[in-house]
Amino acid sequence: MKLAQRVQQLPPYLFARISAVIAEKRAQGVDVISLGIGDPDLPTPPHILEALKQAADVPANHRYPESDGLPEFRRSIAGWYQRRHGVTLDPDKEVVPLIGSKEGIGHLPLCLVDPGDIVLITDPGYPVYEVGTMFVGGEVHRLPLREEDGWLPRLDDVPNAVAERATLLWLNYPNNPTGAVADRAFFEHAVQWARRHDVVIAHDLAYADVAYDGYRPTSILEIDGAMDVAIEFNSLSKAFNMTGWRVGMAVGNREVIDALTRVKSNLDSGIPQAIQAMAMAALEGPLDALDEHNVIYQRRRDRVVEVLRALGLRLEPPKASLYVWARLPEGERNSGEYAQRLIEATGVVVTPGRGYGEAGEGYIRISLTTPDDRLDEALNRLARFARGEQVL
Ligand SMILES: Cc1ncc(COP(=O)(O)O)c(C=O)c1O
């Protein structure tokens with residue numbers, strides 16, 4: 001059998017590798033605690049589950065959904081953007097529901113990238129931006145993110161020859177993995193830059209509603225002129241503890257939304273309608289759960305920050321996202337080796353920053369989605385390790 005080159009060239013999916021290490025340690029009898037993956041541990045709120053139960057009994061929901069979603073779900077998304085971000089969207093032209101935002105992120109390059117076109121991605125970054133580009137024969141140009149720039153890319157450093165061939169720029173704030181946030185001035189500059197170079201911006205706002213200390217993340221569509229050049233991916237996964245239900249959305253520039261809808265209609269048959277009913281219940285129902293979740297994550301964040309600092313790691317507490325991103329102690333450079341050493345000594349899994357790109361080397365990422373009792377146990381082990389004690 002000959003596998004296609006695009007499959008042969010596929011880097012091992014980051015979390016698959018971590019899962020293999022976890023399995024190996026567990027097989028050795030170690031009680032492994034993973035702080036690796038950003039998958040909320042708390043259940044989906046009850047009123048959202050109730051909507052699923054009711055929708056399951058409606059025979060119309062047993063049939064194929066439309067790939068562009070129920071019109072009432074698109075209207076629900078438009079209403080959400082109006083209320084949360086003050087952004088007005090045409091639900092029939094500027095909104096497309098997705099089977100989780102990852103689906104749309106992976107498919108977008110099919111709409112905008114021909115072989116040889118350049119896609120600008122930030123490094124470190126969510127791995128799907130690069131893989132989606134590879135799948136369509138596009139060329140990736142990495143924009144390194146640096147701590148001293150607040151993990152924002154230097155768009156003015158992109159060489160003109162690169163900008164001329166670029167068709168797509170990925171941005172993601174609140175950022176995975178760095179936890180960094182971007183202010184309006186950054187988005188304004190990015191929109192101007194994209195208009196000047198005729199590049200589409202795809203802003204990934206997966207962490208729109210996971211924020212702390214009163215901070216409210218910005219939608220790029222709030223910026224004047226953004227609708228001309230940008231689309232935004234958003235998701236119910238993280239905010240509503242709905243990663244397992246697979247529902248998200250793309251909104252923004254109507255030409256791009258139309259292209260994505262057409263691509264999707266040739267590849268998938270949309271989101272099960274009962275799950276669209278859940279999503280509507282989430283977007284239109286009470287939002288107390290969002291604040292409650294953020295209070296829990298913020299408390300976990302503060303404990304994680306304290307213990308990591310005791311380990312000699314250097315970091316800024318994130319204002320948003322599910323991640324604490326920390327620089328290795330002085331003298332340490334290899335994040336893979338460091339993470340490996342932590343697993344060996346403590347059974348605690350953290351994600352090596354190198355897995356998100358070269359510029360992530362020297363950092364680790366810790367996710368805040370582990371239940372409190374397990375997180376406490378993990379942090380106790382790390383604190384004992386920091387004091388030089390034998391842990392396992
Ligand atoms: C930055 C970022 N974008 C998108 C996603 C995908 O989320 P979903 O497909 O669940 O909407 C994730 C998931 O971890 C993410 O971290």
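Values below: every heavy atom of this structure, side chains too, minus hydrogens, waters and symmetry copies. Every number for a ligand or one of its atoms is a count from 1 in the order of the listing. We number each residue from 1, following the sequence as shown.
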So if I count the atoms of ligand 1 from 1 in the order they appear, which ones are less than 4.0 Å from some heavy atom of [X]?
X: Gly100; answer: 9 (O), 11 (O)
X: Lys238; answer: 13 (C), 14 (O)
X: Asn172; answer: 1 (C)
X: Arg246; answer: 8 (P), 9 (O), 10 (O)

Q.
Under 4.0 Å, counting heavy atoms only: does Ala206 come that close to any atom of ligand 1?
A. yes
Q | Point-to-point distance, once rounded to the nearest 0.5 Å, from CD1 of Ile223 to CD of Gln192 | A | 10.0 Å
Q) Going from CG on Leu171 to CD1 on Ile201, what distance comes out if it is rounded to the nearest 0.5 angstrom? A) 5.5 Å
Q) Is it the side chain, the backbone, both or neither of Thr243 that has a heavy atom closer than 4.0 Å to ligand 1? A) neither
Q: Select the closest option to atom 15 (C) of ligand 1 among Phe233, Trp170, Tyr126, Trp245, judged by heavy-atom distance.
A: Tyr126
Nitrogen or oxygen of [X] less than 3.5 angstrom from that of ligand 1:
X: Ser237; result: yes
X: Ser101; result: yes
X: Glu103; result: no

Q: Determine yes or no for a side-chain-to-main-chain donor-acceptor pair under 3.5 angstrom, with Glu232 supplying the side chain and Gly252 the backbone.
A: no
Under 3.5 Å, is there a donor-acceptor pair between the [X] and [Y] side chains?
X: Arg365; Y: Tyr356; result: yes
X: Thr133; Y: Glu139; result: no
X: Asp209; Y: His293; result: no

Q | Residue from Tyr207, Phe186, Tyr126, Tyr215 passing ring-ring contact (aromatic ring centres under 6.0 Å, His included) with Tyr173 | A |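 Checked Tyr207, Phe186, Tyr126, Tyr215 against Tyr173; only one passes ring-ring contact (aromatic ring centres under 6.0 Å, His included): Phe186.
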